[in-house]
Amino acid sequence: RLRKWQERIRTKDAGERNLQFALSEIDRMASALGVPRSVREVASVIYRRALSEDLIRGRSIEGVATSTLYAACRQEGIPRSLEEVAEVSRVDQKEIGRTYRYISQELGLEMRPVDPKQYVPRFCSDLGVSEEVQSKANEIIDTTAEQGLLSGKSPTGYAAAAIYAASLLCNEKKTQREVADVAQVTEVTIRNRYQEQIEALGIH
Amino acid sequence: MTDPKETINIENVVASTGIGQELDLQSVAMDLEGADYDPEQFPGLVYRTQNPKSAALIFRSGKIVCTGAKSTADVHESLEIVFDKLRELNIEVNENPEIVVQNIVTSADLGRNLNLNAIAIGLGLENIEYEPEQFPGLVYRLDEPEVVALLFGSGKLVITGGKKPEDAEQAVDKIVSRLEELGLLE
DNA sequence: GCTTTAAAAAGTAATCT
DNA sequence: AGATTACTTTTAAAAGC
């Protein structure tokens, strides 16, 4: 009887310690990513839900914590790419991606695809371009996405190409390399998306 | 226009069978030309056939997996070649080992570009997976037939998980009608 | 869960000329 | 700036860790 009681306390303590660890990791990664406190709160809510529905069994705490943070950023409309999240996590990108998909499916998060426009403010700020470039990039994204150019394309590369195009159109040219660096994509990707976008816009 | 069903092409067939005899893979690897066997890495011996092209995984238990064939007929042909090769090594092989098709991978073309964003929302975010940051295809799991379809922006698709060619035809029909009723095709 | 095998789809990436 | 090669996703079986 006494043993059972001790065991219960022990597991409760262990669970409590694990939760504390997960929450502190979410906090640490969120700070490193520079996301607002609201995102950490959303992430911890998702994490607690995953915990109560027993989705953590067989998975690393760190992996689930990172995935909930990735999901929270998206839900709050300020997405971080898997690559960016992986940089502040000790779990690799591939596992973060598959854990995210699992948690998302099991909790029915109904995540909408990331809108490339959500990357525009941050990328433009990192590049130090004007508000004009920013709104031009948003316009390019909306117009070309409506024509079906977005299907299957990565949101970061799509946003990067639109910003590159906008910087040219507004006479505030940034090089493909500069844009590629802030968006963490290759120049080849920017070139490919850029070509499609200006063609769709009829800018020859 | 053209019925998407007519664009269906079988790309890969996976089947399993067994010769009903235990094998010493070490000696088979020595005698069978072109055999790859590295038990540290994988317990099966890999043997590739040229005509038809396929890869057979041969196990100690005598069970065999054949993959890479372009049709169920090719699977049978390939495995017959494997059986004959083993007989040449004086290994007993059952007369007509049962061959079970485990998976068929098919490609098809809807002939129209697809707005995957709209499809992800339209078909319901619950049973769809679309993460273009990770993979350009939209993953759509069907219940009847029980297969998985990958839809691409080009209108091309891949259907996998089926056990007979009709599964892919049924799947294409269901996908087309569902996209049509949602107004997401054309 | 992982290991191996094959195949398609389309996007992204690394490496070489 | 190309071209090539390679990796991402899905599926199934096999035996063993």
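Reckoned from all heavy atoms, side chains included, excluding hydrogens, waters and symmetry mates. Throughout, a chain's letter reflects where its sequence line sits, starting with A, and its residues are numbered from 1. The structure presented is a predicted model; accordingly, all values stated were derived computationally and were not measured.
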**Student:** For the P atoms, the ones on dA1(D) and on dA9(C), what distance do you get once it is rounded to whole angstrom?
**Tutor:**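 Per the computed distance, 28 Å lies between those P atoms.
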**Student:** So, are Arg193(A) and Glu196(A) salt-bridged, with charged N and O less than 4.0 Å apart?
**Tutor:**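 The answer is yes: the pair qualifies as a salt bridge.
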**Student:** Looking at the side chain of Leu150(B), which of dT8(D), dT10(D), dA15(D) is the nearest nucleotide?
**Tutor:**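 Selected nucleotide (nearest to the side chain): dT10(D).
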**Student:** Closer than 4.0 Å, any side-chain N/O of Arg191(A) to the OP1 or OP2 of dG2(D)?
**Tutor:**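 So the side chain of Arg191(A) is outside the cut-off, no N or O lying under 4.0 Å from OP1 or OP2 of dG2(D).
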**Student:** How far does the C1' atom of dA8(C) sit from the matching atom of dG2(D), given to the nearest Å?
**Tutor:**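 It works out to 25 Å between them.
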**Student:** NA contact type, Gly137(B), heavy-atom cut-off 4.0 Å: base, sugar-phosphate, or nothing?
**Tutor:**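 No contact.
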**Student:** Side chain of Phe42(B): nearest nucleotide among dT10(D), dA12(D), dT4(C)?
**Tutor:**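 Nearest listed nucleotide: dT4(C).
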**Student:** dG11(C) phosphate, OP1 or OP2: any side-chain N/O from Arg193(A) under 4.0 angstrom?
**Tutor:**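 Checking dG11(C) against Arg193(A), no side-chain N or O comes under 4.0 Å of OP1 or OP2.
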**Student:** Within this structure, what is the CG-to-P distance between Leu110(B) and dA8(C), rounded to whole angstrom?
**Tutor:**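 Leu110(B) atom CG is separated from dA8(C) atom P by 19 Å.
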**Student:** Any side-chain donor paired with an acceptor under 3.5 Å for Ser167(A) and Glu172(A)?
**Tutor:**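 Their side chains do not contain a donor-acceptor pair, so the 3.5 Å distance test is not met.
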**Student:** Taking the side chain of Val105(B) as heavy atoms from C-beta outward, which of dA7(C), dA9(C), dA10(C) is closest to it?
**Tutor:**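 Closest nucleotide among those given: dA7(C).
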**Student:** Can a donor-acceptor pair be found between the side chains of Gln134(B) and Arg98(A) at a distance below 3.5 Å?
**Tutor:**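 Gln134(B) vs Arg98(A): no donor-acceptor pair found between side chains.
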**Student:** Expressed as a whole number of angstroms, how long is the span from Gln93(A):CD to dT12(C):P?
**Tutor:**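 Computing the Gln93(A):CD to dT12(C):P distance gives 13 Å.
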**Student:** Could you tell me how far apart Lys70(B) (NZ) and dA8(C) (P) are, to the nearest whole angstrom?
**Tutor:**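 Checked: the NZ to P distance equals 5 Å.
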**Student:** What is the distance, to the nearest angstrom, from the CG atom on Asn113(B) to the P atom on dA10(C)?
**Tutor:**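 About 10 Å, once rounded to whole Å.
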**Student:** Name the nucleic acid region contacted by Ser61(B), choosing base, sugar-phosphate or nothing; use a 4.0 angstrom heavy-atom cut-off, strictly under.
**Tutor:**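 Here Ser61(B) touches the backbone only, sparing every base.
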**Student:** Return no unless some side-chain N or O of Arg48(B) is found under 4.0 Å from OP1 or OP2 of dA6(C).
**Tutor:**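 Yes, because at least one side-chain N or O of Arg48(B) sits under 4.0 Å from OP1 or OP2 of dA6(C).
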**Student:** Measure from the side-chain heavy atoms of Arg101(A) and tell me the nearest of dA8(C), dA10(C), dT10(D).
**Tutor:**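 Closest of the options to the side chain of Arg101(A): dT10(D).
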**Student:** Report yes if a side-chain nitrogen or oxygen of Lys53(B) is closer than 4.0 Å to either non-bridging phosphate oxygen (OP1 or OP2) of dA7(C); otherwise report no.
**Tutor:**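 For dA7(C), OP1/OP2 do have a side-chain N/O of Lys53(B) under 4.0 Å.
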**Student:** Which residue, Pro43(B) or Asn192(A), contacts DNA chain C at a nucleotide closer to its 5' end, judged by nearest heavy atom?
**Tutor:**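 Checking each residue's closest nucleotide, the 5'-ward one belongs to Pro43(B).
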**Student:** Between the side chains of Gln197(A) and Gln147(A), does any donor sit under 3.5 Å from an acceptor?
**Tutor:**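 Checked: Gln197(A)/Gln147(A) side chains show no N/O donor-acceptor pair below 3.5 Å.
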**Student:** Counting only side-chain N and O atoms of Ser154(A), is one of them less than 4.0 Å from OP1 or OP2 of dT12(C)?
**Tutor:**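 Indeed, a polar side-chain atom of Ser154(A) lies that close.
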**Student:** When you compare dT4(C) with dA6(D), how far apart are their P atoms, in angstrom units rounded to a whole number?
**Tutor:**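 These two P atoms come out 15 Å apart once rounded.
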**Student:** Whole-Å distance between dT5(C) P and Gln41(B) CD?
**Tutor:**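 It works out to 7 Å between those atoms.
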**Student:** Is the phosphate of dT8(D), meaning OP1 or OP2, less than 4.0 Å from a side-chain N or O of Arg98(A)?
**Tutor:**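 Answer no for this pair, as no side-chain N or O of Arg98(A) is under 4.0 Å from OP1 or OP2.
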**Student:** Without swapping roles, check the side chain of Glu84(A) against the backbone of Ser81(A) for a donor-acceptor pair under 3.5 Å.
**Tutor:**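 Between the backbone of Ser81(A) and the side chain of Glu84(A) there is a qualifying donor-acceptor contact (under 3.5 Å).
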**Student:** I need the CD-P distance between Gln195(A) and dG2(D), as an integer number of Å.
**Tutor:**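 Nearest whole value for this atom pair: 10 Å.
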**Student:** Would Tyr100(A) and Arg74(A) count as having a side-chain donor-acceptor pair, cut-off 3.5 Å?
**Tutor:**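 Yes.
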**Student:** Using OP1 and OP2 only, check whether a side-chain N or O of Ser16(B) sits under 4.0 Å from dA14(D).
**Tutor:**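 Answer no for this pair, as no side-chain N or O of Ser16(B) is under 4.0 Å from OP1 or OP2.
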**Student:** Does Val65(B) or Thr186(A) map to a spot on DNA chain C nearer the 5' end, using the closest nucleotide for each?
**Tutor:**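 The residue whose closest nucleotide sits nearer the 5' end is Val65(B).
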**Student:** Would Glu11(B) and Asn9(B) count as having a side-chain donor-acceptor pair, cut-off 3.5 Å?
**Tutor:**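 Checked: Glu11(B)/Asn9(B) side chains pair up, N/O donor to acceptor below 3.5 Å.
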**Student:** Phe59(B) side chain: which of dA9(C), dT5(C), dA14(D) is closest?
**Tutor:**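 Minimum distance to the Phe59(B) side chain belongs to dA14(D).
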**Student:** Under the 3.5 Å rule, do the base of dT5(C) and the side chain of Thr67(B) count as making a donor-acceptor pair?
**Tutor:**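 Side chain to base: no pair present.
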**Student:** Within the pair Lys94(A) and dT8(D), is there a side-chain N or O less than 4.0 Å away from OP1 or OP2?
**Tutor:**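 Yes, within the criterion.
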**Student:** If a pair means Watson-Crick or G-U wobble with both distances below 3.5 Å, what does DNA chain D look like in dot-bracket form, with | marking bases paired to a different strand?
**Tutor:** ||||||||.||.|||||
**Student:** Between dT11(D), dA13(C), dA10(C), which one does the side chain of Val148(B) approach most closely?
**Tutor:**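 It is dT11(D).
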**Student:** Using a 4.0 Å heavy-atom cut-off, does Gln184(A) contact any base of the nucleic acid, only the sugar-phosphate backbone, or nothing at all?
**Tutor:**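 Here Gln184(A) touches the backbone only, sparing every base.
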**Student:** Would you mind checking if Arg48(B) and Asp36(B) are paired as a salt bridge, meaning a charged N to carboxylate O distance below 4.0 Å?
**Tutor:**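 Result for this pair is yes, salt bridge flagged.
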**Student:** In whole angstrom, give the distance that lies between atom CD1 of Ile64(B) and atom P of dA15(D).
**Tutor:**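 From Ile64(B) CD1 to dA15(D) P: 11 Å.
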**Student:** So does Thr189(A) get a side-chain nitrogen or oxygen closer than 4.0 Å to the phosphate oxygens (OP1/OP2) of dA13(C)?
**Tutor:**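 It does, given that an N or O in the side chain of Thr189(A) lies less than 4.0 Å from OP1 or OP2 of dA13(C).
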**Student:** Determine: side-chain N/O of Ser154(B) to OP1/OP2 of dA10(C), distance under 4.0 Å, yes or no.
**Tutor:**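 Ser154(B) to dA10(C) OP1/OP2: side-chain N or O found under 4.0 Å.
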**Student:** Checking contacts here: which listed nucleotide (dT10(D), dA13(D), dA6(C)) is nearest the side-chain heavy atoms of Glu129(B)?
**Tutor:**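 For the Glu129(B) side chain, the nearest candidate turns out to be dT10(D).
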**Student:** Can you tell me if Glu180(B) and Ser177(B) form a side-chain donor-acceptor pair at under 3.5 Å?
**Tutor:**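 No, because no side-chain N or O of Glu180(B) sits under 3.5 Å from a partner of the opposite role on Ser177(B).
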**Student:** How close do Glu132(A) and Cys170(A) get, heavy atom to heavy atom, and via which atoms?
**Tutor:**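 Of all heavy-atom pairs spanning Glu132(A) and Cys170(A), the closest is OE2-SG, 3.8 Å.
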**Student:** Checking all strands, does Val13(B) fall into the base, sugar-phosphate, or nothing category for heavy-atom contacts under 4.0 angstrom?
**Tutor:**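 If one applies the 4.0 Å heavy-atom cut-off, Val13(B) turns out to touch nothing in the nucleic acid.
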**Student:** I need the CD-C1' distance between Gln134(B) and dT10(D), as an integer number of Å.
**Tutor:**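 Distance, rounded to whole Å: 14 Å.
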**Student:** When the P atoms of dT3(C) and dC7(D) are compared, how many Å lie between them, rounded to an integer?
**Tutor:**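 Each nucleotide's P atom is 13 Å from the other's.
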